[in-house]
Amino acid sequence: EGRLVESGGGLVQPGGSLRLSCAASGFEFANYDMNWVRQAPGKGSEWVSGIDRRAETYYTSSVKGRFTISRDNAKNMVYLQMNNLRPEDTGLYHCAGRRSIGTLVAGTEQNLYHYWGQGTQVTVSS
């Protein structure tokens, strides 16, 4: 059975950096588009970033230039490097995988994805 496990979250001051990791197992990772979706109390869910099976990358406008998504198919890993963090980046970050159909499908609903991790908490506060 497929599984996604996130790590790397924590408490960081504004302007700081974190690197989130997502370990995939139990499915053909290279054939899946991978995404990061965050949930914040009182703000709902927000799609943050995605990387398709060809390693094309996509970002929501608020994180462009600050976040970088990458994948390592040899290790079945996807990463999110987050720099210049802001308090509004606070949230529970979920890794989500969807079998590639040739175009990245980006959304916030869990049922859009074939695999969904439990999340890692990111808190940006002074």
(request) Please check if the side chain of Ser126 supplies one atom and the backbone of Gln13 the other of a donor-acceptor pair under 3.5 Å. (result) no
(message) I want to check something: taking the side chain as every heavy atom from C-beta on, are Val122 and Thr90 in contact at a cut-off of under 4.5 Å?
(response) no
(request) Can you measure from CZ (Arg54) to CG (Leu104) and round to the nearest 0.5 angstrom? (result) 9.0 Å
(request) Just jot down the ring-ring contact (aromatic ring centres under 6.0 Å, His included) partners of Tyr115, sequence neighbours excluded, or say none. (result) Phe27, Tyr32
(message) Please check: side-chain N/O of Glu6 versus main-chain N/O of Gln118, any donor-acceptor pairing under 3.5 Å?
(response) yes
(message) Under a 3.5 Å threshold, yes or no: a donor from one side chain and an acceptor from the other, between Asn84 and Arg86?
(response) no
(request) State plainly whether one hydrophobic cluster holds both Val63 and Val37, where clusters connect Ile, Leu, Val, Met, Phe, Trp and Tyr through side-chain heavy atoms under 4.5 angstrom apart. (result) no
(message) Run Ser49 and Leu80 through side chain to side chain contact (heavy atoms under 4.5 Å, CB included) and show every step you take.
(response) CA-CA 8 Å; Ser49 180; Leu80 187 67; 4.2 Å; yes
(request) Please check if Ile101 and Met34 belong to a single hydrophobic cluster, counting links between Ile, Leu, Val, Met, Phe, Trp and Tyr side chain heavy atoms closer than 4.5 Å. (result) no
(message) Strictly below 4.0 Å, N to O, side chains only: are Arg66 and Asp89 in salt-bridge contact?
(response) yes
(request) Might you point out which heavy atoms bring Trp116 and Thr108 nearest each other, and give the distance in Å? (result) CH2-O, 3.9 Å
(message) Would you compute the distance between atom CD of Glu56 and atom CD1 of Ile69 and round it to the nearest 0.5 angstrom?
(response) 12.5 Å
(message) Any heavy-atom pair between the side chains of Ser100 and Asp52 that's under 4.5 Å?
(response) no
(message) For Gln81, I'd like to know if atom CD has over 12 heavy atoms of other residues, nucleotides or ligands within 6.0 Å.
(response) yes
(request) Heavy atoms only: give me the nearest Phe29-Asp72 pair and the separation to one decimal. (result) CE2-O, 4.0 Å
(message) Test: ring-ring contact (aromatic ring centres under 6.0 Å, His included). Region: residues 58-78. Which pairs qualify, not counting sequence neighbours?
(response) none
(request) Answer yes if the ring centres of His94 and Trp36 are under 6.0 angstrom apart, and no otherwise. (result) no
(request) Can you sort out the partners of Glu46 under salt bridge (Lys or Arg N to Asp or Glu O under 4.0 Å), two or more places apart, ordered by chain and number? (result) Arg38
(message) In the structure I gave you, are the side-chain heavy atoms of Pro87 and Pro14 within less than 4.5 Å of one another anywhere?
(response) yes
(message) Tell me whether Val12 shares a hydrophobic cluster with Leu92, the cluster being built from Ile, Leu, Val, Met, Phe, Trp, Tyr side chains joined at under 4.5 Å.
(response) no
(request) Identify the two heavy atoms, one from Thr103 and one from Asp33, that lie closest to each other, and give their separation to 0.1 Å. (result) O-OD2, 4.0 Å
(message) Distance check, rounded to the nearest 0.5 Å: Tyr93 atom OH versus Gln39 atom CD?
(response) 11.5 Å
(request) Heavy atoms only: give me the nearest Met77-Ser21 pair and the separation to one decimal. (result) CE-CB, 3.7 Å
(message) How close do Ala30 and Asn73 get, counting heavy atoms only, and between which atoms?
(response) CB-ND2, 3.9 Å
(request) Enter the distance from Glu109:CD to Ser45:OG here, rounded to the nearest 0.5 Å. (result) 7.0 Å
(message) Counting only heavy atoms from other residues, nucleotides and ligands, does the tally under 6.0 Å from CD of Glu28 exceed 12?
(response) no
(request) Consider only side-chain heavy atoms of I, L, V, M, F, W and Y, link residues closer than 4.5 Å, and tell whether Met82 and Val124 are in one cluster. (result) yes
(message) With side chain to side chain contact (heavy atoms under 4.5 Å, CB included) as the criterion, how do Trp47 and Asn35 come out once you've worked through the C-alpha distance, each side chain's angles and the decisive distance to 0.1 Å?
(response) CA-CA 8 Å; Trp47 175 85; Asn35 296 266; 2.8 Å; yes
(request) To the nearest 0.5 Å, tell me how far Arg19 CZ sits from Thr68 OG1. (result) 10.5 Å
(request) Could you walk me through whether Cys95 and Val78 pass side chain to side chain contact (heavy atoms under 4.5 Å, CB included), step by step? (result) CA-CA 8 Å; Cys95 179; Val78 62; 3.6 Å; yes
(message) What verdict does the side chain to side chain contact (heavy atoms under 4.5 Å, CB included) test give for Leu18 and Leu85, after you've listed the backbone C-alpha separation in whole Å, the side-chain angles of each residue and the deciding distance to 0.1 Å?
(response) CA-CA 8 Å; Leu18 284 173; Leu85 282 159; 4.1 Å; yes
(message) On a heavy-atom basis, which atom in Leu4 and which in Ala24 lie closest, and how many Å separate them?
(response) CD2-CB, 3.6 Å
(request) Keeping the roles fixed (side chain from Thr120, backbone from Gly9), state whether a donor-acceptor pair exists under 3.5 Å. (result) yes
(message) Is the shortest side-chain heavy-atom distance between Arg53 and Asn31 below 4.5 Å?
(response) yes
